Amino acid sequence: MEGGGPLARKLSRFIPLSDGDVRFLDALCIDEERFEAGADIVRQGDVPRSAFVLTRGMACRYRLLPEGKRQILTFLIPGDVFDLHAFLLEAMDHSVGTLVPTRLAPISRATVFDLFDRHPQIGAALWCSALQEEAINRERIVALGRRSARGRVAYLLCELVWRQRAVGLAEDHAIRLPLTQVELADTLGLTAVHVNRILQRFRRDNLITLTHRRLTLLDIESLQEIAGFNQEYLHLSGAPQAARRYIEMREHNRRRVC
């Protein structure tokens, strides 16, 4: 079943969820914590807290170098679960900070274990989500190591649109993009001046519009060609049928035992 909040919409792209699964996920997101823009949710070196679901807003994982330079590692959008396994760590190896006013729903350690025990389809969907995050990180390494500056910017803009479309936050190829050019630069290993020049060139070539924090991809095929990639690494088509049948069989057997 598709529907519910951003978390349910995201996970249902990977594994079909029952009405009960969707209600369970929506209930997880009722109790929210609110953060202003520019706030650290967790800092590098902190003892990990509970896991979180980002329900509104936008955040990022980042590292600060000793001289003060920042590297943004990845972006968190509504529906993303983070630090699901963080309780296994003694200390965080990176920070998570908000980019705009943001809401989070904490998930306790006990709830995490209960979720995997009693909701195998949700558990499998969370595995898929973790695999997607790993794929996003791999694609970022490729972008930073081998893509041109234009290719890096094109790739990131496409990725943000595809990810937001998957949770119902995009209108066709248009999304709200609250990122500054400095934040884009800190993500892509470029200077803010270089990012500005590339965006201006994309505008002149009628590839994008970007006004009042709203991004529209006018020619996504050309942007993909510039970046040299497609969206398959995001695994938005979901788990293969064989995996889905196995998970459904496990759920059926669990219900018979209960």
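This one's a predicted model, so the numbers in the text were calculated from it and none came from an experiment.
Using a 4.5 Å heavy-atom cutoff, the side chains of R9 and L7 are not in contact. No side-chain heavy atom of Y155 sits less than 4.5 Å from a side-chain heavy atom of L223. When side chains are defined from C-beta on, I122 counts as touching L115, because their heavy atoms get closer than 4.5 Å. Contact of the V22 side chain with the S12 side chain is not registered, since no non-hydrogen atoms from C-beta on lie closer than 4.5 Å. At least one side-chain heavy atom of L169 sits less than 4.5 Å from a side-chain heavy atom of P78. Contact of the L218 side chain with the I208 side chain is not registered, since no non-hydrogen atoms from C-beta on lie closer than 4.5 Å. Side-chain contact between R163 and L234 is present, with at least one heavy-atom pair separated by less than 4.5 Å. Considering only heavy atoms from C-beta on, Q231 stays 4.5 Å or farther from Q224 through its side chain.
In terms of modelled atom types and a separation under 3.5 Å, the side chain of D26 and the main chain of R23 share no donor-acceptor contact. Of the possible polar contacts, one joining the R203 side chain to the L210 backbone as a donor-acceptor pair under 3.5 Å is found. Remark: side-chain polar atoms of T187 are paired, donor with acceptor, to backbone N or O of E183 under 3.5 angstrom. Between the T98 side chain and the A39 main chain, a donor and an acceptor come within less than 3.5 Å of each other. Using a distance-only test at 3.5 Å, with no hydrogens or angles considered, no donor-acceptor pair links the side chain of R63 to the main chain of S95.
In this structure, R147 forms a cation-pi arrangement with F229, its terminal cationic atom sitting closer than 6.0 Å to the ring centre and no more than 45° off the ring axis.
No donor-acceptor contact under 3.5 angstrom links the side chains of Q132 and Y233, judged on distance only.
Evaluation of the salt bridge (Lys or Arg N to Asp or Glu O under 4.0 Å) test over residues 166-177, restricted to residues two or more places apart or in two chains, returns E171-R214. Counting only residues at least two apart or in different chains, ring pair (Phe, Tyr, Trp, His ring centres under 6.0 Å) contacts with residues 52-83 comprise F52-F82. Screening residues 35-44 for salt bridge (Lys or Arg N to Asp or Glu O under 4.0 Å), with sequence neighbours left out, gives D40-R43.
Proximity of the aromatic rings of H119 and F24 is defined here by a centroid distance below 6.0 angstrom, and this criterion is met.
Expressed to the nearest 0.5 Å, how far OG of S237 lies from CD of E232 amounts to 8.0 Å. I226 CD1 to D219 CG: the interatomic distance, rounded to the nearest 0.5 Å, is 8.0 Å. Atom CD1 of I41 is separated from atom CG of D83 by 9.0 Å, given to the nearest 0.5 angstrom. One finds the CD atom of E133 at 11.0 Å from the CZ atom of R138 (value rounded to the nearest 0.5 Å). The line from CD1 of I220 to OG1 of T216 is 11.5 Å long, rounded to the nearest 0.5 Å. We find the CG-CD distance between N230 and E225 to be 12.5 Å, quoted to the nearest 0.5 Å.
Annotation for F14 and A125: closest pair CD1-O, 3.7 Å, computed over non-hydrogen atoms. G238 and R244 get closest at one heavy-atom pair: CA-NH2, 3.6 Å. Smallest separation of non-hydrogen atoms from Q121 and E248: NE2-CG, 4.3 Å. Taking each heavy atom of T55 and C29 in turn, the nearest pair found is CG2-CB, 3.8 Å. G79 and K10 get closest at one heavy-atom pair: O-CD, 3.4 Å.
Under the 4.5 Å side-chain heavy-atom criterion for grouping Ile, Leu, Val, Met, Phe, Trp and Tyr, L11 is not connected to V167 through any hydrophobic cluster. Residues F116 and I247 share a single hydrophobic cluster, defined by chaining ILVMFWY side chains whose heavy atoms lie under 4.5 Å apart. Cluster annotation: L54 and W162 are assigned to distinct hydrophobic clusters (Ile/Leu/Val/Met/Phe/Trp/Tyr, side-chain heavy-atom contacts under 4.5 Å, transitive). Note on I77 and L217: same hydrophobic cluster, where clusters join Ile, Leu, Val, Met, Phe, Trp and Tyr whose side-chain heavy atoms are under 4.5 Å apart, directly or indirectly. The hydrophobic cluster containing V96 does not contain L160, counting ILVMFWY residues as joined when their side-chain heavy atoms lie under 4.5 angstrom apart, directly or transitively.
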Point to revise | Test salt bridge (Lys or Arg N to Asp or Glu O under 4.0 Å) applied to K69 and D186, step by step | key: CA-CA 8 Å; K69 293 181 179 179; D186 286 351; over 6 Å; no
Check your understanding: Could you walk me through whether R61 and H94 pass the side-chain hydrogen bond (donor to acceptor under 3.5 Å, both in side chains) check?
Key -> CA-CA 7 Å; R61 299 181 188 270; H94 64 281; 2.8 Å; yes
Exercise for review: Carefully, step by step, assess L156 and R140 under the rule side-chain contact (heavy atoms from CB on, under 4.5 Å).
Suggested key: CA-CA 9 Å; L156 184 59; R140 186 69 48 82; 3.7 Å; yes
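Enclosure of atom CZ in R56 is not indicated, since only 12 or fewer non-hydrogen atoms of other residues, nucleotides or ligands lie within 6.0 angstrom. Enclosure of atom CD in Q44 by more than 12 non-hydrogen atoms of other residues, nucleotides or ligands within 6.0 angstrom is indicated.
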Name the atoms and distances for all side-chain donor-acceptor pairs under 3.5 Å in residues 99-110, with sequence neighbours left out.
residue: T102; atom: OG1; partner: M58; partner atom: N; Å: 3.3
residue: T102; atom: OG1; partner: M58; partner atom: O; Å: 3.2
residue: T102; atom: OG1; partner: V100; partner atom: O; Å: 2.6
residue: R103; atom: NH1; partner: E32; partner atom: OE1; Å: 3.4
residue: S108; atom: OG; partner: T111; partner atom: N; Å: 3.1
residue: S108; atom: OG; partner: T111; partner atom: OG1; Å: 2.8

Identify every side-chain donor-acceptor pair in residues 188-201 under 3.5 Å, counting partners at least two apart or on other chains, and give the distances.
residue: T191; atom: OG1; partner: H194; partner atom: N; Å: 3.1
residue: N196; atom: ND2; partner: Q181; partner atom: OE1; Å: 3.1
residue: R201; atom: NE; partner: D205; partner atom: OD2; Å: 2.9

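Residue L179 forms a side-chain contact (heavy atoms from CB on, under 4.5 Å) with just one option from L157, L215, L184, I72, and that option is L184.
For the side chain to side chain donor-acceptor pair (under 3.5 Å) test, no residue two or more places apart in sequence or in another chain qualifies with Q164.
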